[in-house]
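Shown next, in structure tokens, is the structure this report addresses.
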There are 2 protein chains.
Amino acid sequence: MSPTPQQRRAARHRLGTGQGDAPPARRGPSGGRKKPITVDAIITAAFGIVEAEGYEALTMRRVATALETGPSSLYAHVVNKEDLDELLIGRLCAGIELPEPDPERWREQIVGVCAQLRDQYLRYPGISRAAFAAASSNLDTLRVGEGMLAILLAGGIEPQAAAWAIDSLALYVNAYTLELSVADTRLGRTGGDDWVVSREELLRRFAALPDSFPQSKRYAAELTAGTLHDRFDFTLGLMIDGLPRPR
Amino acid sequence: MSPTPQQRRAARHRLGTGQGDAPPARRGPSGGRKKPITVDAIITAAFGIVEAEGYEALTMRRVATALETGPSSLYAHVVNKEDLDELLIGRLCAGIELPEPDPERWREQIVGVCAQLRDQYLRYPGISRAAFAAASSNLDTLRVGEGMLAILLAGGIEPQAAAWAIDSLALYVNAYTLELSVADTRLGRTGGDDWVVSREELLRRFAALPDSFPQSKRYAAELTAGTLHDRFDFTLGLMIDGLPRPR
DNA sequence: TCCTGAGTAGAACGGTGTTCGTGACTACAG
DNA sequence: CTGTAGTCACGAACACCGTTCTACTCAGGA
């Protein structure tokens with residue numbers, strides 16, 4: 001009996017086996033008919049949809065039609081939409097490259113991992129919403145946690161501080177990318193350089209603020225400043241440079 | 001002609017008038033019939049639902065039945081569900097108390113505001129999801145931004161750093177409360193002290209991890225440590241203590 | 001040859017946000 | 001007092017969502 005999706009998901013959460021579960025014989029590609037549906041095909045199709053149209057457009061029905069089938073067919077391979085979300089961020093985390101910890105370069109290494117996460121999240125806009133729900137349960141997400149922990153420990157950070165820091169860092173990356181994504185989808189999906197005009201518009205709005213907002217009006221330039229990921233780098237620097245190192 | 005909800009929302013986003021828009025005569029309470037539906041009544045009912053059953057349960061239909069009417073009746077006062085979300089976090093932010101900036105106590109003041117935000121978000125579990133979408137557009141949210149900015153400036157923080165910092169702080173508070181909320185709803189809503197048993201369960205899971213997770217297994221205690229809001233305080237401290245002060 | 005059982009779908013259920021058209025009601029002009 | 005205009009409330013309906021029930025196909029074992 002090949003495992004039901006429920007069993008597969010339970011196994012994924014058991015956190016015991018490190019990847020067992022040999023692909024169960026896959027009955028027959030059966031020569032003709034159509035392509036058989038696999039979990040991998042579902043995930044790939046889902047990623048395609050999210051990359052093209054954003055996470056909002058990711059519905060069971062859209063995935064099904066992308067696979068030229070009905071919605072119910074997916075439920076033989078996936079427990080839930082929540083389960084699909086988990087699989088998505090699992091595969092996303094699986095693609096993160098974790099460097100060998102180098103005590104001399106721990107700072108740039110940890111920033112590099114965070115930037116990888118950020119770029120992956122932004123590549124699939126809105127998917128951070130799924131990441132919030134699936135965080136810290138999947139094995140693949142734990143792998144990047146392990147990698148980040150190893151980097152900080154190699155850098156001589158106190159274990160307790162390191163443990164809490166990787167949590168905060170991951171949380172911030174999620175939140176940052178989520179905010180960016182919803183801001184993007186908010187004002188139409190005109191990609192490209194329209195964030196510049198958006199900045200001028202922002203400045204105009206700040207200038208039009210009532211007088212009960214003196215600081216915001218005065219420092220409107222600072223509030224709207226920052227190209228691309230300046231804010232991101234700033235906050236990461238704040239969190240990293242403050243970490244206590246007993247040595 | 002009394003303003004349509006669309007106009008009202010547009011005015012809310014215009015950021016010009018500082019609260020104008022005198023309550024437009026409110027035709028007649030009309031003595032009898034039933035209670036007339038107002039935007040305020042809608043918001044209050046919505047808060048009640050979220051507080052009792054979480055943000056997931058907040059549907060137009062639920063609000064409507066709470067007001068003893070049909071769903072379509074709400075759309076005379078509210079543009080959207082998105083609009084309702086915005087109104088909710090608007091009122092929530094309006095309830096935040098902003099202290100008079102004191103250069104001697106800027107640190108505890110900024111932490112206090114963040115803690116207020118955190119507690120409000122946690123009081124209405126899941127509402128941070130709405131906050132992510134509505135951030136930085138509403139006038140009430142800008143008010144707390146202004147207050148935080150004033151505190152940091154009074155503390156002698158560089159304007160650019162202060163501007164970016166309030167953004168990061170607000171973002172982190174949102175993310176932290178959102179994660180806590182989804183974690184709560186994840187394992188049934190048994191309130192109270194079941195997070196203790198959850199911690200032992202977590203330790204057991206970490207112990208059962210494969211050997212490719214040496215650091216996570218070794219520092220499982222640190223990873224699962226922290227009572228209540230220790231993690232929150234830790235991260236806030238990281239972000240605040242690292243702020244550059246030219247003086 | 002039949003039988004079994006996993007994988008595939010079609011149809012349907014209950015739920016969501018939102019819109020349309022109708023009706024009741026109030027306030028005001030004649 | 002009557003007619004009219006305009007606002008508001010509401011039932012019904014639409015399109016879509018996640019999910020389940022059920023029948024059906026069809027390769028492999030007996």
Side-chain angles (χ1 to χ4, degrees), chain A residues 1-9 23-42 45-46 49 53-87 129-130 133, chain B residues 1-9 23-42 45-46 49 53-87 129-130 133:
Chain A
M1 59 177 117
S2 78
T4 74
Q6 282 84 352
Q7 293 169 328
R8 217 169 329 190
R9 170 165 163 153
R26 218 13 14 261
R27 194 60 74 87
S30 80
R33 254 192 81 64
K34 279 201 296 194
K35 255 170 284 185
I37 303 176
T38 62
V39 179
D40 229 64
I42 292 176
I49 292 172
E53 310 178 38
Y55 180 75
E56 308 277 294
L58 181 66
T59 53
M60 289 290 176
R61 285 177 152 86
R62 290 274 296 126
V63 176
T65 54
L67 260 42
E68 294 181 330
T69 178
S72 60
S73 304
L74 306 178
Y75 287 86
H77 309 271
V78 160
V79 182
N80 254 347
K81 170 126 202 299
E82 184 186 331
D83 187 31
L84 206 174
D85 291 345
E86 202 174 298
L87 287 168
R129 194 181 312 268
Chain B
M1 60 179 114
S2 76
T4 73
Q6 284 82 353
Q7 293 169 330
R8 216 170 329 192
R9 171 165 162 152
R26 199 70 312 285
R27 198 59 73 87
S30 80
R33 251 193 81 65
K34 278 202 298 193
K35 253 168 288 183
I37 302 177
T38 61
V39 179
D40 229 62
I42 292 177
I49 293 172
E53 310 177 39
Y55 181 75
E56 308 277 295
L58 180 66
T59 18
M60 290 291 177
R61 286 173 152 87
R62 288 276 294 125
V63 177
T65 55
L67 260 40
E68 294 181 331
T69 178
S72 59
S73 303
L74 306 179
Y75 287 86
H77 309 270
V78 160
V79 182
N80 254 345
K81 171 125 201 299
E82 184 187 331
D83 187 31
L84 207 174
D85 291 345
E86 202 174 299
L87 287 168
R129 193 180 312 269

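Note that these values count all heavy atoms, side chains included, but never hydrogens, waters or copies made by symmetry. Proteins get letters first, then strands, A, B, ... in listed order; numbering begins at 1 in each.
- Between the CD atom of A:Glu53 and the P atom of D:dC16 there is a distance of 13 Å, rounded to whole Å.
- Taking atom CG of residue A:Leu74 and atom P of nucleotide D:dG18, one finds them 10 Å apart after rounding to whole Å.
- The CD1-C1' distance, from A:Ile42 to C:dG7, rounds to 12 Å in whole Å.
- Annotation: the terminal axes of the helix from C:dT1-D:dA30 to C:dG30-D:dC1 meet at 30°, where each axis is the rotation carrying the C1' atoms of four end pairs onto the next four (5 pairs per end, rounded to 10°).
- Each of D:dA9, C:dT8, D:dT19 was ranked by its minimum atom distance to the side chain of A:Pro71; first place goes to D:dT19.
- Residues A:Ala66 and A:Ala45 share a closest heavy-atom pair of CB-CB, 4.5 Å.
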Which pairs, protein N/O on one side and nucleotides 13-16 of chain C N/O on the other, fall under 3.5 Å?
| unit_1 | atom_1 | unit_2 | atom_2 | d |
| --- | --- | --- | --- | --- |
| C:dT16 | OP1 | B:Thr59 | OG1 | 3.4 |

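- Across A:Asp85 and A:Leu58, no two heavy atoms sit closer than the pair OD1-CD2, 4.4 Å.
- Applying the 4.0 Å criterion to OP1 and OP2 of D:dC8, one finds that B:His77 has every side-chain N and O outside that range.
- Nucleotide D:dT22 holds its P atom 17 Å from the OH atom of A:Tyr75, rounded to whole Å.
- In summary, of the residues considered (B:Met60, B:Arg61, B:Lys81), a side-chain contact (heavy atoms from CB on, under 4.5 Å) with B:Leu74 occurs for B:Met60 alone.
- Using a 4.5 Å heavy-atom threshold, the side chains of B:Thr65 and B:Arg62 count as touching.
- Remark: B:Asn80 is in phosphate contact with C:dT18, judged by side-chain N or O atoms under 4.0 Å from OP1 or OP2.
- Applying the side chain to side chain contact (heavy atoms under 4.5 Å, CB included) test to B:Ala41 and every residue at least two apart in sequence or in another chain returns B:Thr38.
- Using a distance-only test at 3.5 Å, with no hydrogens or angles considered, a donor-acceptor pair links the side chain of B:Thr59 to the main chain of B:Ala57.
- Between the OG1 atom of A:Thr69 and the CD1 atom of A:Ile37 there is a distance of 4.0 Å, given to the nearest 0.5 Å.
- Nucleotide C:dG7 holds its C1' atom 14 Å from the CG atom of A:Leu67, rounded to whole Å.
- Not one side-chain nitrogen or oxygen of A:Thr69 sits closer than 4.0 Å to the OP1 or OP2 atom of C:dT8.
- The base of C:dA9 lies close enough to the side chain of A:Ser72 for a donor and an acceptor atom to sit less than 3.5 Å apart.
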